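Heads up, the thing below is written out as structure tokens.
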Amino acid sequence: QVQLVESGGGLVQAGGSLRLSCAADGRTFSGYAMGWFRQAPGKERQFVASISWGGGQTYYIESVKGRFTISRDNAKNTVYLQMNSLKPEDTAVYYCAVQSGSTLYVTAIEFWGQGTQVTVSS
């Protein structure tokens, strides 16, 4: 049974930082992309960032470029999302996701985390 366990969410003021972590328990995702989606109330789940197995390919949604950094530690089966200069519009539940290949597509995700709440106050 594969589990993706997220941590690091919380409440922060605008301009602050948070670091999300997602640890994969149960297997090693060799050759898989890992990353993050987010979903705000009343909105569709949205791609945020992804990273390939070797880390050589990273993708970001335009609105977080320059503020968020994705990384992974394959020895720990863990992916991270460092979020700086947070804005109220970043408020959402953030979901860890895993898919074979070099990036993530919401319709092809093979494993989802349970989600962690990020709230940015103005």
Side-chain angles (χ1 to χ4, degrees):
Q1 182 75 15
V2 175
Q3 279 192 311
L4 301 179
V5 181
E6 297 137 334
S7 60
L11 172 64
V12 64
Q13 288 188 333
S17 298
L18 285 173
R19 188 193 194 206
L20 304 183
S21 299
C22 171
D25 183 26
R27 62 172 286 179
T28 298
F29 287 106
S30 176
Y32 281 63
M34 299 183 75
W36 300 88
F37 287 76
R38 66 186 180 187
Q39 189 165 19
K43 295 189 177 180
E44 292 186 352
R45 194 165 294 191
Q46 177 188 49
F47 170 83
V48 177
S50 68
I51 185 167
S52 60
W53 165 252
Q57 292 172 280
T58 58
Y59 300 94
Y60 298 91
I61 191 172
E62 190 65 32
S63 60
V64 309
K65 286 182 180 178
R67 300 188 297 121
F68 291 10
T69 302
I70 191 169
S71 61
R72 67 191 288 172
D73 184 338
N74 291 332
K76 296 181 179 179
N77 291 334
T78 300
V79 63
Y80 305 96
L81 186 67
Q82 178 66 45
M83 304 186 295
N84 299 328
S85 302
L86 282 160
K87 304 175 180 180
E89 51 263 44
D90 294 317
T91 295
V93 177
Y94 283 70
Y95 295 91
C96 179
V98 175
Q99 177 189 328
S100 60
S102 61
T103 189
L104 304 176
Y105 299 96
V106 67
T107 56
I109 299 300
E110 296 174 53
F111 302 98
W112 289 101
Q114 81 283 359
T116 185
Q117 177 70 46
V118 171
T119 303
V120 184
S121 62
S122 57

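Because the structure is predicted, anything quoted here is derived from the model rather than measured. Atoms considered below: every heavy atom in the structure, side chains included; atoms not considered: hydrogens, waters and symmetry mates. Count residues from 1 along the sequence.
Nearest heavy-atom pair across S50 and S102 is OG-O, 4.5 Å. In terms of heavy-atom proximity, V79 sits nearest to W36 at O-CZ2, 3.9 Å. Summarising the geometry of Y80 relative to D73, their closest heavy-atom pair is CE1-CB, 4.1 Å, with the distance given to 0.1 Å. For L4 against A24, the heavy-atom pair with the smallest separation is CD2-CB, 3.7 Å. In plain terms, the two heavy atoms of V106 and W112 that are nearest each other are O-CZ2, 4.0 Å.
Using bins of under 30°, 30° to 60° and over 60° for the plane-to-plane angle, the ring pair Y94/F68 lands in the tilted bin.
Side chain of T119 to backbone of T91: no donor-acceptor contact under 3.5 angstrom is found. Although no hydrogens or angles enter the test, the distance criterion places no donor-acceptor pair under 3.5 Å between the side chain of Q46 and the main chain of R38.
For the residue pair Q82 and S71, no side-chain donor N or O sits within less than 3.5 Å of a side-chain acceptor on the partner.
Scored by the side chain to side chain donor-acceptor pair (under 3.5 Å) test, S121 finds no partners at all (sequence neighbours excluded).
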Problem set entry | Residue pair M83, D90: steps toward the side chain to side chain contact (heavy atoms under 4.5 Å, CB included) verdict | CA-CA 10 Å; M83 304 186 295; D90 294 317; over 6 Å; no
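Taking the six-membered ring where the residue is Trp, the centroids of F29 and F111 are separated by under 6.0 Å.
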